[in-house]
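No experiment lies behind these values; they were computed from the predicted model shown. Below, chains carry the letters A, B, ... as their sequence lines are ordered, and counting in each starts from 1. Side chains are part of it too, since the values below use all heavy atoms of this structure and drop only hydrogens, waters and symmetry mates.
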Amino acid sequence: MVEAGGSESPRQFGDIIAVGTRPAGGGRIALADPPVPGEPTMRWSSTAHTIDEIEQELARIWAQPNLMIDPSEDGGGRHIAARTSVMNLVVIARQPEVGAKAAETISKLTGRHPSRTVVVLAADPDGPPWLDARIQAHCVLPRADAPETCTELIFLTAGGETGRHLSALVAPLLIHDLPVTVWWPGEPPLGAVPTQTLLESTDRLVVDASIWSGDGLARLRQLASLYDRFPRLSIRDFALVRQSRWREAIASVFDMPEYTPFLGSIRRMAVGYATRDETGAPGSTNVVKPLYHVAWLGSRLGMHPVAPLAPAEARGRTAPVRLRPGERPPMHRGLAGRMRSGSGDVSVVIRPVASPMPPGTTLRVEILAERRGSELRADVTAEAENVHVHTWLDGVQYMDRTFKAPRRNDVDLLGEALEVGGREPVAVETLRMAAELAGDGS
Amino acid sequence: MAAPKTKAPAAAPADPVTPAPPGAPTPGPASAPGTTPGKKEAPRTMRDLRLATESRRRVANTRALENPLREGLRLERVPDPAAFVLFGATGDLAHRKVVPALFQLWRTHLLPHEFQIVAVGRRPYTDQAFRDELRDSVRKYSRVQPVDEETWGDLAERITYHRGDFNDPTMFQSLADRLDGLDEDQGTRGNRIFYLATQPSQFAEIVAGLGRAGLDHEHHDAGWRRVVIEKPFGHDLDSAIRLNREVGKVFRERQVYRIDHYLGKETVRNLLVFRFGNGIFEPIWNRRHIDHVQITVAESIGIEGRGSFYEETGASRDFLQNHLLQLLSLVAMEPPATFDADALRDEKVKVIRAVSELSPDQVARDVVRGQYGPGWVSGKPVIGYRQEEEVNPQSETETYVAARLAIDDWRWSGVPFYLRMGKRLPKRATEIAIQFKDVPHRLFRDSATDPEPNLLAMRIQPDEGIMLRFGAKVPGLGVDIRNVTMDFTYGSAFQVDSPDAYETLILDALLGDASLFTRADEVEEAWSIVDPIIHAWAEEEAPGFPNYEAGTWGPEAADDLLAREGRRWRRI
């Protein structure tokens, strides 16, 4: 758990264990044993209560060359312990438990993660304004005879009014000229003014839309609108990144030259997703992941939505079904919409399926295409860690392949998000298409 | 002086595709290629014609361009289902490198689910016995430890052993039948990669056997066929040409993947990104700013029990012909117009062609050979080369080679390239050092230390990274200058494990990307640089071998090679 106060314990954040002695007022932690290559250790820890004090502490870390190396080791030119400055990482964790989890993820990325990390926690929003900061330096020895690489971590806990002025808190602590990544685990209030101010100086926003409450679509629309508002901003959504192996599997269906033309004549795309809700009624389960599948296909194939997704009406049935005791209500038919491709309309269906899998997980993607009297049906399903592809041409199976799709954890996803820079056109177009398909929510 | 080779004039000025010279004031070299207005017109030279036809063929073979769903999926691509036929499966290379690399690819889900390994060898094994032996090797050599038994089990059940002699035609026929069976049962879809991890003397025989059994044919819709050939590719120019011809009788060049594992190393690949992905280096990457270039491949190990192999090869064949010249070509080549395999390799060949061939006199002056005697390495006494097993006690085989090569083209004229490679040197290190020219005018005469010229060093192993040396003022009232280094270590900025070179190369071969493999003409051009050296040496007695002590930086003559021009080898 992350504490709001200034007291500290080196074992709080993940696996980093400071082994050594520490001066009473905070500062450099001398190691009892020489550091082991590849194992990050905390080499500095101090506290501060104002932004100015934090800045002073950060300067103090780098004013001590001994923190990094022994200058006498090198006879010729002296190594400057250059911070391998990659970027600034800002983590907005409104709740302490989210902060603790985020801190643990980041600690596992020490050495791989950027040069300066600021974790912002909010506490006691209605109390008086206050600020509490813990400043740490974590160093890792890339190899035995190399200078150490150090990264700075600042844990900010802001109380009262202070916690609401995110940009004012974070901006002075960023290393200038380096890209800023904001990782917002949980549910970012994307429309709120403090968020927008923060995003003005942000290069990359990292979110996970698949854990947003409800169907997640309202927030997804806000997310897509950020592209227009902030032309520099790139967005990395864990939900979209996690589906990469699905995309690979779906793409493989159309690799063979004789099947590629079918991409131009898709008639129907249907995605089944897991729900634990009794009826799977729209709004009850997050549908961002299934939506991304159709949005990706649609955007790659140059389709445009003509009828956004709306709850599908059961055909020929108007009156609600009266349930007998013990009988379960029928599963909702999900969302249906229509897109237009060059050669005609494509119906889009996103349908709930009762499943013990985590709600919102994609279970199946079906693609139906018709061309010159032939029908191609591709069925992509998931089972444990595998994605299976089955394809039939006029009822004759021609392809049966399996792709491994291990579930990736936040550490991998964040690590990857930090290493890949810039706007990825495929992601931008998919998110925009997803927002268009989601409609205006009316 | 060095005479340019007659058969292929360096940087032929008549060639309309040749980029503008880098030394020219404007425009920069990066902007030059492809801007010639007449380039899009009808092909004018044979090379144009070849490029034009090849690019047409390439488009037809690259599905990624046709399937719009592939866009943006490059990094996530899993190869097509395939059968991986490993010749020499019982050998050292297969056990140490190839199978551990396959396991690592499998572990990280980069191999297709429908993947089969058919191990071909002479010795009798059952499938299970062979799998058990491989498991032990994977446990020993896998770069990720411990080995997950379940994951290994998944891969192991895809391994079958096929026993037979490489000179037995029926073996290839039964192999063909077995592979057809796998297509049926395991869905490998007719895609086959033949990996030749055997003795080099068997390459031609195996390739011919594959041809006779029709295993090379890429039928319509029946999958692709590729052959991967390990180095050394020939032992001199004649044998390389002969081998290329034998391979060419069976496979088309685009089906052939010649491995030089140095090209799979992360830093070697990064060299291209460093040069052509950054704007600040290319403008100074020429004779105006660079004084000389040093390429060092130092090994602290000896010949590791491979006495008979080394007696036949020596450092020049084992390293100079391939790794060192590959590194040289990547450092010195012009920017390719695109990043595709042939554009890249065209530029590499061009620069190797521009390396002056050495006359016997020049060999005597500009090339140094050495052989280690007994000494101490890493605090342990080691025996000399002539005392190694399977080595002739009077052997004249070189375990060290240093050469001063010149590249006769517009960019590099007058810039010497010093290459050195040695066994039993004090440490293991591979490095490319670009030594820039001195400042034109000394301003800080009062400084106790003269500022040294800037140096850019690219370390390839063991700790991959890039280092830039520059002068900085020592804080204080006077003007004292000290040389400092700005050091970028891969391990500190990206703590993701770099893949092993074999993983990169095997995956590329499975995906059909030949960029990091050497082409037939590249191999031959490299031999035509090394051949005259070997011939000149054969005419003369070796210079008092052993001429360097194990654990030192090579013979004194190698230091003289630079010292006579007022330079010295970089201390590594």
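With respect to chain B, the highest number of heavy-atom pairs below 4.5 Å among A:Thr260, A:Leu297, A:Val253 belongs to A:Thr260. Of the listed residues (A:Arg401, A:Arg300, A:Lys404, A:Met399), the one with the most heavy-atom contacts under 4.5 Å to chain B is A:Arg401.
The side-chain hydrogen bond (donor to acceptor under 3.5 Å, both in side chains) test applied to A:Thr430 returns no partner, not counting sequence neighbours. By the side chain to side chain contact (heavy atoms under 4.5 Å, CB included) test, B:Leu455 pairs with B:Ala433, B:Gln435, B:Ala457, B:Met467, B:Arg469, B:Arg570, sequence neighbours left out.
Between the side chains of A:Thr381 and A:His388, not a single donor N or O lies within less than 3.5 Å of an accepting N or O. A donor and an acceptor atom, one from each side chain of B:Arg107 and B:Ser142, are nowhere located under 3.5 Å apart.
For A:Ser252, the parts sitting under 4.5 Å from any heavy atom of chain B are the backbone and the side chain alike. For A:Asp400, the part lying under 4.5 angstrom from a heavy atom of chain B is the backbone only.
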